[in-house]
Amino acid sequence: MEIRTDFHKRLKEIQDELLVMGNMVEKAITRSMEALKKRDLKLAQQVIDGDVKINEKRFNIEETCIQLIATQQPMAGDLRYIICVLNIITDLERIGDHAEGTAKIAVLTGDEPPLKPLVDLPRMAEKAVGMLRRSLEAFINCDVEAARQIIAEDDEVDNLYDQVFRELLTFMAEDPKILTRATRLLWVAHNLERSADRVTNICERVVFSVTGKMEEEGASNY
Amino acid sequence: MTVDGISDTGTTQDRGTLRTEKTNLYYGTFQALKDITLEIPPRAVTAIIGPSGCGKSSFLRLFNRMNDLITGARVEGVVEIDGLSICGPEIDVVELRKKVGMVFQRPNPFPMSVFENVVFGPRRHGRFSRAELDDIAERSLRQAALWDEVKDKLGQSAFALSGGQQQRLCIARVLAVGPEIILMDEPCSALDPMATLKIEDLMRSLAKDYTIVIVTHNMQQAARVSDITAFLMMEADRSGILVEHGVTSQIFTNPEDKRTEDYITGRFG
């Protein structure tokens, strides 16, 4: 017979809130890239303004977790779960900041002529979003296998980052006048690369939550 | 068997090691404990946790032969202290209980003064001068973190003390006969939260010198005070088995057995 039904209901509520926050962050990445690609300043501004909401959500979840630790004395798997949620929301919040950074660059570059059609950056964004969504699913489903798979996929994002870096370097070497614009795009690539790295942190938390083992599952090149 | 993080046992300075191996306890035809193999290290607090009726108290009472008082109780297998069996008929149970003191759920001071409560054991076990008894009383009361509160009322009835003080008096009474091992059966369940925390603090300080085994229903208490935790549960035939034991921090963060996990997270009880 399950005894702590109310406590476990509250853990489920945290899970729901975490998914809501994850969804907000996914949208922020997708929209910031959309704004950059389509030079949509209004959309970029929406992402920047929306970051406050992501931060608020993070604090709300954190507060609930602290309350549960203080009042319910969670143990074993429940304790690891709450600790992991606290870690994951920190990573989500930072990924949100990276998306906001990209949106700010979209605002900065919106009036300038485009340097080149954006191909690899949207691919990086798409990959990062997919990894993020699946990492949270892995957390909810306690799926260690899936978490390890996602960590391995970080190499693809790293490779795209390399590609973007080399390409922009060539552009800059050819025409120093575009240095500023190219550097800004490099920042975007960096934001996306860091976002994917943070997804691997989330995946490591999935492994810890399920197995109780803290291990670095695969080091990024960056 | 030793548990990681706790010193090896069996040497002379490690007196107070308890051990059971494949131990069964029967009350008549009912088997209360089944096949329990556990080593309890000296100078540490070991907590026994588990649902009601799983045999926690029965297990504790193996070590001072308190189960002998129950008609039809029978023990099979090994029950040892420092490598010596305590089950045989040659064992002087009075001497055993000097070495293995016990603290019960409800404070049970004797209807006499605070001082007489503490020196009750020494008076009966040996011939001590008044000065020696005074020393024993002060030392025991200090060890039990009660001296400062009662030094001016040693002659007063023990019943004038608060519940928490009475329980610490009972601990002082145990300490006065010079035990190596202290068994505590739910020692805080009749106390208020502040008195509980004081006893817990006392347990930690006593663990420097004594083997302490505590049975508790309060998992947070086990997590707070113990170095080692052992989880007992009932099998379908209602006999108690040892599911898992290990370093407390590991048991409460990452137990190996799913049944332990389910119990300490409140998924069954």
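Values below: all heavy atoms of this structure, side chains included; hydrogens, waters and symmetry mates excluded. Chain identifiers are assigned alphabetically (A, B, ...) following the order of the sequence lines, protein sequences preceding nucleic acid strands; residue numbering begins at 1 within each chain.
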Output, in order, the C-alpha distance, side-chain angles, deciding distance and verdict of side-chain contact (heavy atoms from CB on, under 4.5 Å) for R267(B) and D78(A). CA-CA 11 Å; R267(B) 284 177 172 83; D78(A) 293 340; 3.0 Å; yes

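Contact annotation: the side chain of Q220(B) approaches that of M75(A) to within less than 4.5 Å [non-hydrogen atoms, C-beta and beyond].
One N or O on the side chain of E261(B) and one on the backbone of G77(A) form a donor-acceptor pair closer than 3.5 Å. Distance alone, capped at 3.5 Å, is enough to place a donor-acceptor pair between the N254(B) side chain and the T211(A) backbone.
Applying a 4.5 Å heavy-atom cutoff, none of the residues of residues 83-109 of chain A approach chain B.
Heavy atoms of other residues, nucleotides or ligands lying less than 6.0 angstrom from CZ of R106(B) number 12 at most. Few gaps surround CD on E215(A); more than 12 heavy atoms of other groups in view lie less than 6.0 Å from it. Within 6.0 Å of atom OH in Y26(B), more than 12 heavy atoms from other residues, nucleotides or ligands are found, so the atom counts as buried in its surroundings. Heavy atoms from other residues, nucleotides or ligands lying under 6.0 Å from CD of Q67(A) number more than 12.
The candidate with the highest count of non-hydrogen atom pairs below 4.5 Å against chain A, out of I251(B), T253(B), I264(B), is T253(B). Your options are P74(A), A76(A), G212(A), and the one with the most heavy-atom pairs under 4.5 Å with chain B is A76(A).
Contacts of S162(B) classified as side-chain contact (heavy atoms from CB on, under 4.5 Å), with partners at least two apart in sequence or in another chain: Q165(B). Partners of K12(A) according to the salt bridge (charged side-chain N to carboxylate O under 4.0 Å, His left out) rule, which considers only residues two or more places apart in sequence or in another chain, are D16(A). Qualifying salt bridge (charged side-chain N to carboxylate O under 4.0 Å, His left out) partners for E76(B), counting only residues two or more places apart in sequence or in other chains: R74(B).
Between the CZ atom of R80(A) and the OG1 atom of T265(B) there is a distance of 10.0 Å, given to the nearest 0.5 Å.
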